[in-house]
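Both counts, for ligands and for their atoms, begin at 1 and track the order of listing. The residues of the chain are indexed from 1 along the displayed sequence.
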Amino acid sequence: MEAATAATPSQRKLKRKRTLAQSDPELDRLNSLPWNSSLPQNDDDDVFSMFIGSNELEGGFLSLEEIDEAEYGLNIPEPEDGKRKTKKKKSVQNEDGKKQQKDGVDGGCSDEVEAELDESVKAKEKNKKKKKKKKKAKKKDATEDQKVEQLDVGLDANVKDGISEEDNDETDFFAWNELRLHPLLMKAICKLGFKEPTPIQKACIPAAAHQGKDVVGAAETGSGKTLAFGLPILQRILEERDKDANMVEEPEKYSCKGLLRALIIAPTRELALQVTDHLKSVGKYINVRVTPIVGGILAEKQERLLKAKPEIVVGTPGRLWELMSAGEKHLVELHSLSFFVLDEADRMVQNGHFKELQSIIDMLPMSNISTEDNSQNVQSCVTVSSYQRKKRQTLVFSATVALSADFRKKLKRGSIQQKQSLTDGLNSIETLSERAGMRSNAAIIDLTNPSILAAKLEESFIECREEDKDAYLYYILTVHGQGRTIVFCTSIAALRHISSILRILGIDVWTLHAQMQQRARLKAIDRFRENENGILVATDVAARGLDIPGVRTVVHYQLPHSAEVYVHRSGRTARASAEGCSIALISPRDTTKFASLCKSFSKNSYLPEVLKRLSLARQIDKITRKDSQEKAEKSWFDRNASSVELITENYDSEEEQELNMLISRPLQSKSFSHRYLAGAGVTPLMQEQLQQLARQKLSDHQGKKGKLVVIGQDCVDALQALRCAGEEVRMDIKDMAGKQRIVENLKRKRKEEKKRLRDQRRKQKKKLKYGDE
Ligand SMILES: Nc1ncnc2c1ncn2[C@@H]1O[C@H](COP(=O)(O)OP(=O)(O)OP(=O)(O)O)[C@@H](O)[C@H]1O
């Protein structure tokens, strides 16, 4: 009876949640969206605002060095120990219980008392059993959730290694030790199963978190850049809290809570929401609020969220500036800001796209001048510790930060000027960083490889006619076996065209473009994420940052306008050390773009081939001129030769033959794979193989290397096909070597033949000369 009337904590929580949902169904709906299914979702988290963990850390934080992980129950991770401890505790309890019972009996209690005791023991046991059952069910749910998550994610380090979270061992995470992260952050990292920091995290965290440096970070797509800037922010907030707590008598009163500490700007709404989600996951055990401020959602709602005074705000420039320019209190008190972060920084400066960004940057206080001056400007804050008055750090990240050598030099020399003339547009990453107040000792961490593309990405290009693109796309999508696919278009018109065609053909696709309502955009990504073989047709609004696990194939239906976008689009697959492939459909309309794409990636790899062709052409030209002198003689010879019935042959010169051979193959950059799935670019050899294979069954050559797999007949996905087609490329090379041998033989034969002809001619001349005489 009692249970029915008195609300349990979980019921109260549910009630509170319901009230919240009633007051704001939009937020609740958005809250339920799994922005990153690789990261555990917390049902209790507020949608936009995050207040994670309990209050156990407030007031009384020790400095980082002094923290004993055990005090926080952070033996990271300790499933085995934990189990053992609980067991031990239980057994002690049981013993106590037994002892009590025994005492009771021995003590000679009355029957009633005994019965009461019996009942209470029984009730206790019952309760225990219930609890145990609940615990078991919870654990089962969690394991199941985890399994589903793992299945869905495919990117989690644990999945890759086939290790469940429970199997995690503290020693598994030793690679993180050198980064000296706060135990509560480490606890979350362990929970996420990130066994080791990625290279960009390894490089950025010491610089940004421990040395307090500004950072310009570049690393391939999907390499964990979000945490490379996210962890230093959380680390510094935690450290400062600890120190505040140690220094003042009433830490609560002087806490830096409620001040804006980090402002992160991303180019798209989806990315801003994703970054928020990622930070929430890693800040799972700390009291740090992270709030996204993006367009497409009522500004009033976001103002309400800002009233909770989040320490971290992640936003898009448009909405941020809208609120800032309207004087939103939390957003304009920027003196407390410790971090200013630009994610996908190069996008921000493209075509002066984000005018609002310029305004936001101009609003940043000149915090890097003097810490003392700043303190006078923060009257509005409750109080600001000396640590908060530390210089603001600027972090600039992208996979394609194209830093000029000049900019590097400037940074080295320390000649960066703050607050340049406002008449300059933010048209380069340099001016952007400079104006944001980047300091001269900034750490430039460029881990991009020469191709800039993700290491495990397979690239392919299909040359086809414009009108055949739909057919190729349909072909790839119909037979794609596993994983998600994103089809990128440059124009919304093309997106509408292909999504409509594909739907008529019975293929379920979701679409995503900038003209869609925010609600529909979120829904599209959500649905795409839910379906492990989902297909998303998108414009470049989805090109950057979107971290959707299990994307196996990216199709460029139309080539993008720049090489950077090509890199980011392709980077939606092959993330976090996973594999993936990118297929571009190249029609004659795309050739200019394709050529410039090739040029951007590897200018030099073309040059040797181009130079070789030119050198041959020059030699041919020289020979032709020389030969023209002999022409008259030759025609005289030909006349006479025919009179004596001699046959003269017309050979191409060796150079001409070689040049013809070179010209016959496409001029391609070495950085691209030469693989073709099908289409006009198919070599005759491959054509033959395709025909042969069409007659064979998949079982004949599944898993066997060196055989070509035909997408369609074999019902395999594009990546597998490309992998299997690897041998074809080698065969192609062998074929080239064969051709080379034939040419060599031909040259040799021609030389012999020429010599023979020369001798013959000489003899003939002699004969004619002496004959005439
Ligand atoms: N140390 C780690 N170990 C394993 N996975 C990680 C680690 N850090 C981050 N990840 C995961 O890697 C994925 C990609 O991370 P993130 O989105 O930060 O990449 P990115 O470099 O910002 O990519 P992009 O350039 O496309 O924006 C995410 O799913 C993230 O959870």
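The heavy atom nearest to atom 26 (O) of ligand 1, out of those in Arg544, Glu220, His568, Arg575, is found in Arg575. Across Phe194, Phe229, Phe397, heavy-atom proximity to atom 11 (C) of ligand 1 is greatest for Phe194. Among His278, Lys225, Glu196, the residue whose heavy atom lies nearest to atom 1 (N) of ligand 1 is Glu196.
The closest donor-acceptor contact from the side chain of Thr573 to the backbone of Arg552 lies under 3.5 Å. Under the 3.5 Å distance criterion, the side-chain polar atoms of Arg484 are matched with a main-chain donor or acceptor of Phe528. Using a distance-only test at 3.5 Å, with no hydrogens or angles considered, no donor-acceptor pair links the side chain of Asp343 to the main chain of Ala266. Looking at Arg319, its side chain does come within 3.5 Å of a backbone N or O of Ile297 through a donor-acceptor pair.
Less than 4.0 angstrom separates some heavy atom of Ser223 from each of these atoms of ligand 1: 19 (O), 20 (P), 21 (O). If you number the atoms of ligand 1 from 1 as listed, the ones under 4.0 Å from a heavy atom of Thr198 come out as 1 (N), 2 (C), 7 (C). Contact atoms of ligand 1 toward Thr226: 16 (P), 17 (O), 18 (O), 22 (O) (distance under 4.0 Å to a heavy atom of the residue). Those atoms of ligand 1 that come under 4.0 Å of a heavy atom in Glu344, given as number and element, are 27 (O).
Partners of Arg572 under the side chain to side chain donor-acceptor pair (under 3.5 Å) rule, at least two apart in sequence or in another chain, do not exist in this structure.
The shortest separation from a heavy atom of Trp176 to ligand 1 is under 4.0 Å, placing the residue in contact.
Ring centroid separation for the pair Phe461 and Phe594 comes in under the 6.0 Å cut-off.
At least one N/O-N/O distance between Gly222 and ligand 1 falls below 3.5 Å. Backbone and side-chain nitrogen or oxygen atoms of Gly224 are examined, and one is located within less than 3.5 angstrom of a nitrogen or oxygen of ligand 1. For Arg572, a nitrogen or oxygen atom sits less than 3.5 Å from a nitrogen or oxygen atom of ligand 1, counting backbone and side chain alike. Taking any N or O of Gln274, backbone or side chain, none lies under 3.5 Å from an N or O belonging to ligand 1.
Salt bridge Arg544/Asp346: present, at least one basic N to carboxylate O contact under 4.0 Å.
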Give every donor-acceptor pair under 3.5 Å between a side-chain atom in residues 216-224 and any protein atom, sequence neighbours left out.
unit_1	atom_1	unit_2	atom_2	d
Glu220	OE1	Ala455	N	3.3
Ser223	OG	Glu220	O	2.5

